[in-house]
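A short write-up of the structure that comes next.
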Amino acid sequence: MALKVVYENKPVGVEGNVTNTASEKQDFVDLEELDRENNILHYGTLEGNNWPLRDDVYILPDDLEAVDMGYISTQLSDSNGEFTSPIVITRTYNGSFTAPGISLTFDTWNNVYATEVNIKWYRGATLLYDVDYEVNSPIYFCEQNVVAFDKVVLTFTKMNMPSRFLRIFHIDDGVIREFYKDEIVGLTITETVSDTGEELQINTMDLHLISKSSVKILWQRVQALRVYNNNKFYGTFFVESATRTKNSYELTTYDLVGMLDNTTHYGGMYNNASVPTLIADIMKDTPYEIDDSLLSETVTGYLPLDTARNNLMQVCFAINAVVDTSRQDKVRIYPTPTLDTPIVIDDSRAGDSITENINAPATQINLTTHKYVGSHLIDDTTELYNDVLNGTLFVSFGSPYYGLSISGGTIINSGTNYALISGTGGTVLLKGYDYNDVTTVISSVNPLNTNSAIPNIKEIQNATLVNSSNAASILSRLEEALYNNSTLECSFIMEDEKVGDYISINTDEGTKIGQILSLKYELVRDIIYTVATVREVNNGN
């Protein structure tokens, strides 16, 4: 497989929100099968020339409701392939959706399909589009960009063969588009990871393609683009922005970590909380994988109401874990790598020049630990809301509270950082006890400081899951990252290297060893050259 980008241009959330009805159908037909992945076997029927003598043809079972059959009509097409009365399938949606058309999968086993199809899209009672299609294959995409529809009516009037039932295996709102090297002008991927863990870095892809189709592509921000090259998977990305000039598109995209910015996590107060359980609460439906060595980890402290990305960062910072999606279809969470045997980038792969950046190392690290103690005085409450309220209201807190009480209204739901309250038109007063954040600072001084060193103190104050039990291990990790003063910018022919890996590479000062922090490479060439940022771990001293 050469370079390929796959875009699933389908409405988000449509699964499970479609109801199908049909003007006619066989009694055993389950119309819900049209909208789910199914495995329809090649069942022989008594229609003419419809039972080839091959071992992949099966006899229909007695219980047809127990197997996937898709849709089958009750009437047969006549000698001209036409139906006596048109067959109508109506799709009613729970909500409104946007799609570039509808994909129809007919009887692919026998190459039998409807040749004349009419599709009408509605928004409420308003007819948006009324389009006739001349179908010429058993899998056919009926192109039509439609915004915010909630009903579709499909009418089938003619088949490509006489005396055949109308069979439909699957109906898809939207289409899977595949772009290959002849359409891809440029494709650049940047993979990056933080050496301190203070931020969850986002991998990106910049894509420039010229589509062969004149039909406008509706790029949706929550639909995935998957990148493949030479039978290798290079990542899942989502559209951040897109520009179009005729059929030329330029896209900037981000990975699943970037998608976590679109999700809110309500946070809370935790005491020896299971890390896998907490991460599951943060990630929700985002696919992820936790290394087995982290499954027994726990955390204690506080998480604010924040994005899922920021709260996942807080958890992983506290347990010395790395978050990355490079060349994965999920978020990987694994322990901070340690230097073992570095990958050798020999002279046959290394570029001509290496730039060494001499950075200002930290002279000292101050890491703040947190211990949250609840207020205990009976009158030591804080007013969190005081106003006239008729209806419901979500109240968020800027700091953690517990023991909430309300007068004049009702607390429907609440947590450490929020309360959903209701009132009936009177004054509602919401109060709560706050937590005292008892902090302690532990410090480390760079042993390589000289008398002339200019102070460069690194302060880490807002890691709210850092406490006396995990602070020492976190400080040790930060020392390795912040007390080094050298990074290398180098290029080499990439094989399987990823961010976080340790490599060794020859320079004019001898062999350098370092950890890859970022990789930037293009996939439009046969040989993949990458530009890497490498944090040096041996500086020749």
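The backbone N or O of G174 sits nowhere less than 3.5 Å from a side-chain atom of D172 that would complete a donor-acceptor pair. Of the possible polar contacts, one joining the N456 side chain to the A360 backbone as a donor-acceptor pair under 3.5 Å is found. When atom types are taken as modelled, the side chain of S473 and the backbone of N470 share a donor-acceptor pair closer than 3.5 angstrom. Although no hydrogens or angles enter the test, the distance criterion places a donor-acceptor pair under 3.5 Å between the side chain of Q515 and the main chain of G500.
R535 has a carboxylate O that lies under 4.0 Å from a charged side-chain N of E480, or vice versa, which qualifies the two as a salt bridge. Using a 4.0 Å cut-off between charged side-chain N and carboxylate O, K232 and E495 make no salt bridge.
Interatomic distance, CZ of R221 versus CG of N262, reported as 6.5 Å (0.5 Å rounding). A distance of 5.0 Å separates CG of N229 from CD1 of I528, quoted to the nearest 0.5 Å. From D206, atom CG reaches atom OG1 of T188 across 6.0 Å, with rounding to the nearest 0.5 Å.
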* To do: Please step through side-chain contact (heavy atoms from CB on, under 4.5 Å) for the pair Y385 and V428, ending with a clear verdict.
  => CA-CA 7 Å; Y385 180 82; V428 174; 4.1 Å; yes
* Could you give me the CA-CA distance, side-chain angles and deciding distance for R226 and E8, then say whether salt bridge (charged side-chain N to carboxylate O under 4.0 Å, His left out) is met? => CA-CA 9 Å; R226 293 182 170 86; E8 295 184 0; 3.3 Å; yes
* Asked: For Y435 and Y402, what are the C-alpha separation, side-chain angles and deciding distance, and is it a ring-ring contact (aromatic ring centres under 6.0 Å, His included)?
  -> CA-CA 8 Å; Y435 286 91; Y402 70 102; 4.9 Å; yes
* **Test side-chain hydrogen bond (donor to acceptor under 3.5 Å, both in side chains) applied to S194 and E199, step by step** => CA-CA 6 Å; S194 169; E199 181 182 11; over 6 Å; no
* Asked: Are K431 and T382 close enough, and set up right, to give a side-chain contact (heavy atoms from CB on, under 4.5 Å), and what steps lead you there?
  -> CA-CA 5 Å; K431 292 184 176 182; T382 300; over 6 Å; no
* Report the C-alpha separation of H265 and T307 in whole Å, then their side-chain angles, then the decisive distance to 0.1 Å, and conclude whether the side-chain hydrogen bond (donor to acceptor under 3.5 Å, both in side chains) test is met. => CA-CA 6 Å; H265 180 247; T307 66; over 6 Å; no
* To do: Could you go through the side-chain contact (heavy atoms from CB on, under 4.5 Å) check for L475 and I365 one step at a time?
  => CA-CA 8 Å; L475 190 61; I365 303 171; 3.7 Å; yes
* Asked: Under the side-chain hydrogen bond (donor to acceptor under 3.5 Å, both in side chains) criterion, do E489 and T533 qualify, and how do the steps go?
  -> CA-CA 5 Å; E489 300 292 333; T533 299; 3.0 Å; yes
* salt bridge (charged side-chain N to carboxylate O under 4.0 Å, His left out) between K284 and D281, intermediate numbers included -> CA-CA 6 Å; K284 298 292 191 295; D281 184 52; 3.5 Å; yes
* Which is it for D346 and R349 under the side-chain contact (heavy atoms from CB on, under 4.5 Å) test, yes or no, and what are the steps along the way? -> CA-CA 6 Å; D346 60 29; R349 289 207 285 149; 3.9 Å; yes
* Asked: Going through the checks in order, is the side-chain hydrogen bond (donor to acceptor under 3.5 Å, both in side chains) test met by T363 and N449?
  -> CA-CA 6 Å; T363 56; N449 286 345; 4.9 Å; no
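For the side-chain contact (heavy atoms from CB on, under 4.5 Å) with V299, the qualifying choice from T464, N467, I319 is I319, the only one to do so. E191 pairs with exactly one of R332, K520, R327, K498 by the salt bridge (charged side-chain N to carboxylate O under 4.0 Å, His left out) rule, that one being R327. Paired with R177 under the rule side-chain contact (heavy atoms from CB on, under 4.5 Å), one option of V6, L225, V5, N9 passes, and it is N9.
No more than 12 heavy atoms of other residues, nucleotides or ligands lie within 6.0 Å of CG in N462, so this atom counts as exposed by the packing criterion. Residue Y254 qualifies as enclosed at atom OH: its count of foreign heavy atoms under 6.0 Å is above 12. No more than 12 heavy atoms of other residues, nucleotides or ligands shown are found within 6.0 angstrom of OH on Y529. Around CG of L295, the count of heavy atoms belonging to other residues, nucleotides or ligands within 6.0 Å exceeds 12.
Y401 and F397 have perpendicular rings, their planes meeting at more than 60° on a 0 to 90° scale where under 30° would count as parallel. In this pair, Y418 and F394 present their aromatic rings parallel. The plane angle is below 30°, not in the 30 to 60° band. Classification of the W219-Y249 ring pair by plane angle, with boundaries at 30° and 60°, yields perpendicular.
Because its NZ or CZ atom is both nearer than 6.0 Å to the ring centre of Y228 and within 45° of the ring axis, K4 counts as a cation-pi partner of that residue. Taking the ring centre of F317 as origin, the terminal cationic atom of R477 falls inside the region bounded by 6.0 Å and 45° from the ring axis.
Contact check for M283 versus V331: side-chain heavy atoms found under the 4.5 Å cut-off.
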